[in-house]
Amino acid sequence: MAQTPSIPKGTRDFLPAETARRNYIFDTIREVFHRYGFQQVETPAMENLSTLLGKYGDEGDKLLFRILNSGDFLAGVPGDQLATRDSAAVVRSVADKGLRYDLTVPFARFIVQHRNDLVFPFRRYQIQPVWRADRPQKGRYREFYQCDCDMIGSDSLLNEAELVGIIDEVFRRLGLRTVVKINNRKVLAGIAEVIGQPQRITDITVAIDKMEKIGLEKVREELAEKGIPVEALARLEPLLMLSGDTGSKLLQLREILADSPAGMKGIAELETLFGYLEGFGLQTATELDLTLARGLHYYTGAIFEVKSLDEQIGSICGGGRYDDLAGIFGMPGVSGVGVSFGAERIYDVLTRLDLFPPHTGETTQLFFVNFGPREEAYILPVLARARQSGLRAEIYPDHDKMKKQLNYAHRKGIPWVALAGESEMAEGKVTLKNMVTGDQTLVTPEELIKIVGGAGINSEL
RNA sequence: GUGGAUGUAGCUCAGUAGGUUAGAGCGUCGGAUUGUGGUUCCGAAGGUCGUCGGUUCGAGCCCGAUCUUCCACCCCA
C-alpha cells in the first residue's frame, strides 16, 4: 500500500452525507435571499493582489494566500532582494495574484467594473469559498464557504433592517436560536472622540471588542499598553458598562455623545434602525452591543454579528455598512451594506445540536438487481420508464452475487429493490421487494412504478 | 505569526524498563448460504509504527528537525 495521500492543512473533503447537509444549509440561505429579491453572482477564486491588499488591515494582508507567477518568476527580481533574503520584497515581485479572502472586497471591485450593466440599488448574493492562511482550529479552516448578501447603491437604513429580517428568517428556518448584536461605527468613533482619543479608534475598538471574552480588567490593561491615557480610560469605562434595554442605552448615549456630531449621527441611525425592526415582527432577539466592533476596517455605519445562543463558537454571521469600498476602486459615493453567513460554523452548530432534518440526502428510490445479459435486456426498458416517470433509479452494473447486490442497496439506504430473473421474465413481471419490511410481491412494470412513486412521497425511510 | 499537545492497519485505540516474527475491536474481502440485505459462525488480507536524521549492539518507545491534527494567543466565519 502506497503512502496514504493527504490534502493541504485546513482543507477538507466532504462525503455524500456531509455534502447533502451542507446543501441543506446553502439551499435554505439561498431561498431566503431569493425571497428578499437578491440575485446571484460569482467571482473568480483568484484576484489581483492589488485588489485585495490593504483592505483587511495588516493582519488580513498576512493571511492572504498568494499565487506564484507563472514562468521564470525569479527573472525580474532585483538581486539585492534575493541576496538579503527579503521575503516581503521578493513576494511582491514574484506574486501578483492571490486567493480571495472574503466576498465583499471582490464584490466592490465587481460593482465598479460592471456598473453599466447593473440595476441600482443592486441586491446581490454570492455563495463561494474563500481562503485564509490562518492556523486551523476548531470551527476555523483555511478554505471555507461564505454566503454573502449585499445591497449597494443606497444608504437607506431600511436596507439594514432588511438584513436583520434575512438573518431572522434564515436562522428560524434552520431552527437555531440566535441573538443579533448591533452597533454602529459612528458611535464608536464618537466615543473615541469624546474621550479625547479620536486617532486611536482602531486600537480602542479592537480592545473593547474583547470585552465579553476577557472582561473589563484585561481590556483596560490592553488599552493602557497601547498608550491610552488613564483619564481617557476612566471616561470610556462607564460607556462600556451601560445597562438596560436598547432604548435606555440610546438615551444615555445621547447625553454622553452630545458633543460629537459623528456620534450623534450614529445614534440617530441606530434609533431609525431599531424603529424599523419593531415593524418587522422578528422572532430573533436584537440588541445594541457597544462592545461589538468587528475587525474589518471598511465598515463605516451599522455593524452586525450573530451568535448562537446554544453553542459557543464565535459569530456565525456578521456584516455591516461600508460607505466607500467602491470608492477605493474608483467609484466614490456608492454606499453598501451586507452580511455574510459562515456556512462551516453553522454546520458545526447544527451538527452539535442535532438540528439537521432526518433525510437531507436524495438517495436512489428503486434498485434493479443485475442477473446477467438476458435479464439486463429485459429490465433496461423498465428502468428507463421508471426514470421517465420521475423516479431515482439505478441498476447494479455487474452480475455479482445477490448477497453483494442487496447489501449494496441496503448500505445505500435504497427503499425498493426490483428483481427480474427467468421466472419473472416468463410472466412479464418483476418481483418488488420492500427493504424496510422485507415483503415482496410479483407486479407488472406499471404497478412497480406506481407503487414506488406513490410510496416515495410519504414514506419515512 | 507565538506557545503547548498529538501522530501505531481504512477507522477507534493497545503496545509493559528500549530486546526476536507490532496486537485488539470495528470495517473490508472470502466461505457457511450457486435468486434474497441489516443477525450469527468460520477464515483471510491489510502496518517501511507521520516523514527525515541522530543516539544505541538493538528504537514504535530516547533526542533533533519537519509535516499533520487539536488547544490557547493574535485575528476571524
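Naming convention: chains lettered A, B, ... in sequence-line order (proteins, then strands); numbering from 1 in each chain. Worth knowing before you read on, the calculation uses all heavy atoms, side chains too, and leaves out hydrogens, waters and symmetry mates.
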Would you write the dot-bracket representation of RNA chain B, where each base gets (, ), [, ], | or . depending on whether it forms a Watson-Crick or G-U pair under 3.5 Å and with which partner? (((((.(..((((.....[...)))).(((((.......))))).....(((((..]....)))))).)))))....

How many whole angstroms separate atom [atom1] of [X] from atom [atom2] of [N]?
X        : N     : atom1 : atom2 : result
A/Glu143 : B/C76 : CD    : C1'   : 17 Å
A/Tyr408 : B/U36 : OH    : C1'   : 17 Å
A/Asp439 : B/U36 : CG    : P     : 17 Å
A/Lys181 : B/A77 : NZ    : C1'   : 16 Å
A/Phe367 : B/U36 : CZ    : C1'   : 12 Å

When the ring planes of A/Tyr125 and A/His34 are compared, do they come out parallel, tilted or perpendicular, using 30° and 60° as the limits?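 The arrangement is perpendicular - the two ring planes meet at more than 60°.
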
Which nucleotide sits closest to the side chain of [X]: [options]?
X        : options             : value
A/Glu59  : B/C76, B/C75, B/G35 : B/C75
A/His410 : B/G37, B/U68, B/G27 : B/G37
A/Leu63  : B/A77, B/C75, B/U36 : B/C75

Under 4.0 Å between a side-chain N/O of [X] and OP1 or OP2 of [N], yes or no?
X        : N     : result
A/Lys210 : B/C74 : yes
A/Arg411 : B/U28 : yes
A/Lys403 : B/U36 : no
A/Gln405 : B/U36 : no
A/Lys401 : B/G31 : yes

Work out how far the P atom of B/G50 is from that of B/U40, and round it to whole angstrom. 33 Å

Would you kindly say whether A/Asn370 and A/Glu376 are connected by a side-chain donor-acceptor distance under 3.5 Å? yes

Search all heavy atoms of A/Phe367 against all heavy atoms of A/Ala409 and return the closest pair with its distance.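 The pair with the smallest heavy-atom distance is CD2-CB, 3.8 Å.
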
Which residue, A/Ile214 or A/Asn407, contacts RNA chain B at a nucleotide closer to its 5' end, judged by nearest heavy atom?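 Looking at RNA chain B, the more 5' nearest nucleotide goes with A/Asn407.
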
Closest-nucleotide mapping onto RNA chain B: is A/Cys317 or A/Leu419 further toward the 5' terminus? I mean the 5' end.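 Closest to the 5' end, via its nearest nucleotide, is A/Leu419.
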
Answer yes or no for this row: A/Phe371 ring on B/G35 base, centroids under 5.5 Å, planes under 30°. no

Validation row: [X], [Y] side chains within 4.5 angstrom (heavy atoms):
X        : Y        : result
A/Pro129 : A/Phe144 : no
A/Tyr298 : A/Asp324 : no
A/Ile449 : A/Leu391 : yes

